[in-house]
Participant: 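Before I ask anything, let me first share the structure, which is written out below as structure tokens.
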Number of protein chains: 2
Amino acid sequence: MPSQPGLSPIDVQRLKTACSTCSLRELCLPAGLDQRGLEQVDRLVNRRRPIRRGDYLYRSGAGLDSLYAIRTGFMKSCVLHEDGREQVAGFHMMGDLMGLDAISSSRHMCDAVALEDSEVCEIPLAALEQLSHDIPSLQQHFHRIMSREIVRDYGVMLLLGTMRAEERLAAFLLNLSQRFAARGYSSTEFHLRMTREEIGSYLGLKLETISRALSRFHEENLIEVRNKHVKIIDMEALRGLIGQPSGAS
Amino acid sequence: MPSQPGLSPIDVQRLKTACSTCSLRELCLPAGLDQRGLEQVDRLVNRRRPIRRGDYLYRSGAGLDSLYAIRTGFMKSCVLHEDGREQVAGFHMMGDLMGLDAISSSRHMCDAVALEDSEVCEIPLAALEQLSHDIPSLQQHFHRIMSREIVRDYGVMLLLGTMRAEERLAAFLLNLSQRFAARGYSSTEFHLRMTREEIGSYLGLKLETISRALSRFHEENLIEVRNKHVKIIDMEALRGLIGQPSGAS
DNA sequence: TCCGGGATTTGATCCAAATCAAAACCCGTG
DNA sequence: CACGGGTTTTGATTTGGATCAAATCCCGGA
């Protein structure tokens with residue numbers, strides 16, 4: 001992406017600051033912004049809000065007013081069925097945009113819960129729409145973000161519909177690894193912010209199954225696990241595990 | 001939704017014609033359009049394309065140039081995994097918009113296959129983005145459509161992650177029923193355009209399981225099935241079936 | 001109309017993951 | 001620093017759906 005006309009190096013610097021302020025590189029960095037757009041994004045992105053571990057960012061059924069970009073921390077979103085069943089629909093970290101589900105009906109369709117103390121940027125949807133009207137590249141980028149969520153969902157469906165327990169867990173660990181790497185953290189060593197039960201819910205499995213699979217990976221020297229700390233020892237073997245009708249161990 | 005200022009009854013008529021031409025009520029009817037917008041939508045929506053049963057509308061990996069609104073017919077979209085596994089990610093009918101997955105990377109991330117002879121309207125993405133820039137209410141509506149797809153996906157995840165075989169099938173039948181009803185067709189009697197195997201793929205089950213569950217529903221007088229023809233006898237019982245840890249029959 | 005191949009049904013058996021159960025562990029808190 | 005509740009591990013058993021197998025059905029094409 002070449003730098004945009006009318007965007008001085010100083011502007012670029014300010015933009016990066018504004019965006020990194022809110023970990024919004026996802027949302028605004030790729031958009032070519034002029035001076036005015038820059039200021040507008042600045043303003044848009046400035047409402048911060050801290051959330052304590054265990055607190056809800058929003059609840060299913062609540063009215064939509066804003067989207068939320070995660071600045072720091074870790075969250076989950078859960079879909080609920082009236083009968084009380086619930087399913088973790090995703091885990092979200094720094095830079096992720098949450099609340100897209102609510103645009104369709106102006107009501108949130110899932111719960112968002114902080115898995116550790118976090119901070120988000122509130123982005124009023126109306127302002128975002130206005131701004132992406134004024135800045136076409138922002139509009140495009142916003143569309144890409146929504147589309148990416150759809151693609152992610154398709155991946156989860158494939159996982160839930162066709163994979164065996166160990167494949168699912170391997171895919172999950174590799175996905176986390178990638179996402180940490182993309183944010184400049186270690187791709188091989190990280191802390192699971194969620195419980196075994198939450199992993200299980202996300203992967204359509206029970207917590208015991210998660211625990212057993214982790215133990216097996218450990219035994220086979222694919223990973224090291226101690227509580228919530230995970231170290232990936234053999235990334236390749238983990239990758240190879242996906243797509244095997246049954247283990248070749 | 002009150003009628004828009006500057007939109008004469010004749011305009012409304014033309015708009016409805018233009019939209020129903022392509023079954024695009026989803027895409028443009030709710031948007032308040034002025035005379036000029038109207039003409040633009042007309043133009044945007046005018047590229048028709050027939051597809052024969054079994055043909056691909058697009059394939060995973062192909063470049064994105066257009067979205068597609070289904071005018072008539074029935075399609076499926078399938079996500080593929082490199083190892084050959086595939087999963088039906090959705091079934092699409094009249095009025096549905098396909099191709100949203102491709103916006104994120106300008107490449108299609110799934111296959112789209114016609115399950116019967118169909119006709120779609122090709123909507124060049126660039127033109128749609130331009131137009132939704134010119135017509136804010138169209139922009140909003142487009143966002144809602146993408147968001148709705150995300151919500152739908154969450155529902156599928158819940159289904160795949162938490163429901164038992166019979167619950168999944170009941171949910172599937174009820175969903176089809178609703179969608180047919182919304183399009184003015186019978187909500188109780190319809191033709192399955194897909195095979196048992198495709199239903200199974202969508203629901204994360206094997207074709208034999210689908211067949212058995214359909215038979216059981218038939219035995220219990222919830223539905224009548226003969227080949228691909230389905231008649232729902234006891235909609236309430238079918239609804240009640242969802243959310244039962246195990247059958248109360 | 002008859003033929004052939006895919007689609008569907010149904011049965012028997014198997015197996016991966018769920019469930020039930022209990023012990024161990026870990027961490028935050030008083 | 002000991003207590004207590006939630007989390008995790010591990011084992012034994014059960015089970016829902018997969019798999020294997022075979023008969024039947026149905027529809028499109030010659």
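Values below: every heavy atom of this structure, side chains too, minus hydrogens, waters and symmetry copies.
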Participant: Looking at C:dT8, D:dT7, C:dT9, which one has an atom nearest to any side-chain atom of A:K228?
Facilitator: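 For A:K228, the side-chain atoms sit closest to D:dT7.
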Participant: Of the candidate nucleotides D:dA18, D:dC27, C:dT9, which contains the atom at the shortest distance from the side chain of B:N227?
Facilitator: D:dC27
Participant: Report yes or no: does A:S215 contribute a side-chain atom to a donor-acceptor pair with the main-chain N or O of A:S211 at less than 3.5 Å?
Facilitator: yes
Participant: Quick one: A:R193 CZ to C:dC27 P, roughly how many Å, whole number?
Facilitator: 15 Å
Participant: Is there a donor-acceptor pair closer than 3.5 Å between any side-chain N or O of A:R71 and the backbone N or O of A:R48?
Facilitator: no
Participant: Using whole Å, what does the distance between atom P of nucleotide D:dT7 and atom NZ of A:K206 come to?
Facilitator: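 That distance rounds to 15 Å.
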Participant: Taking NZ, NE, NH1 and NH2 as the nitrogens, is one of them in A:R239 or A:E236 under 4.0 Å from a carboxylate oxygen of the other?
Facilitator: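 Salt bridge present between A:R239 and A:E236.
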Participant: Go through C:dT19, D:dT8, C:dT9 for me and flag the one nearest to the B:L207 side chain.
Facilitator: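 From the listed options, C:dT9 comes nearest.
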Participant: Looking at C:dA7, I'd like to know if its phosphate oxygens (OP1 or OP2) sit under 4.0 Å from a side-chain N or O belonging to B:R196.
Facilitator: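 Negative; the distance criterion is not met.
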Participant: Evaluate salt bridge (charged side-chain N to carboxylate O under 4.0 Å, His left out) for A:E219 paired with A:R216, printing each intermediate quantity in order.
Facilitator: CA-CA 5 Å; A:E219 276 166 28; A:R216 208 158 331 128; 5.8 Å; no
Participant: Compare side-chain N and O positions of B:T209 against OP1 and OP2 of D:dG16 and report whether any pair is under 4.0 Å apart.
Facilitator: no
Participant: Would you mind telling me which of D:dG17, C:dA17, C:dT8 lies closest to the side-chain atoms of B:S211?
Facilitator: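 Shortest atom-to-atom distance from the side chain points to C:dT8.
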Participant: Rounded to whole Å, please give me the gap between CD in B:E208 and P in D:dC20.
Facilitator: 10 Å
Participant: Answer with base, sugar-phosphate or nothing: what part of the nucleic acid does A:T195 contact at a heavy-atom distance below 4.0 Å?
Facilitator: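 Sugar-phosphate contact only.
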Participant: Would you mind reading off the distance between B:L205 atom CG and D:dT15 atom C1', rounded to a whole angstrom?
Facilitator: 15 Å
Participant: Would you mind reading off the distance between A:L169 atom CG and D:dT9 atom P, rounded to a whole angstrom?
Facilitator: 11 Å
Participant: What is the separation between atom CE on A:M194 and atom C1' on D:dT8, rounded to the nearest whole Å?
Facilitator: 16 Å
Participant: Please report the distance, rounded to the nearest Å, between NE2 in B:H191 and P in D:dC27.
Facilitator: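 From B:H191 NE2 to D:dC27 P: 8 Å.
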Participant: A:R212 side chain: which of D:dT8, D:dG17, D:dG11 is closest?
Facilitator: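 The nucleotide sitting nearest to the side chain is D:dG11.
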Participant: Which atoms form the tightest heavy-atom contact between B:L115 and B:E198, and what is the distance?
Facilitator: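 Heavy atoms only, the tightest pair is CD2-OE2, 3.6 Å.
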Participant: For the side chain of B:R226, counting heavy atoms from C-beta on, which of C:dA17, D:dC26, D:dT8 is nearest?
Facilitator: D:dC26
Participant: Please give, in whole Å, the distance from C:dT19 P to B:R164 CZ?
Facilitator: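 Those two atoms, CZ and P, are 9 Å apart.
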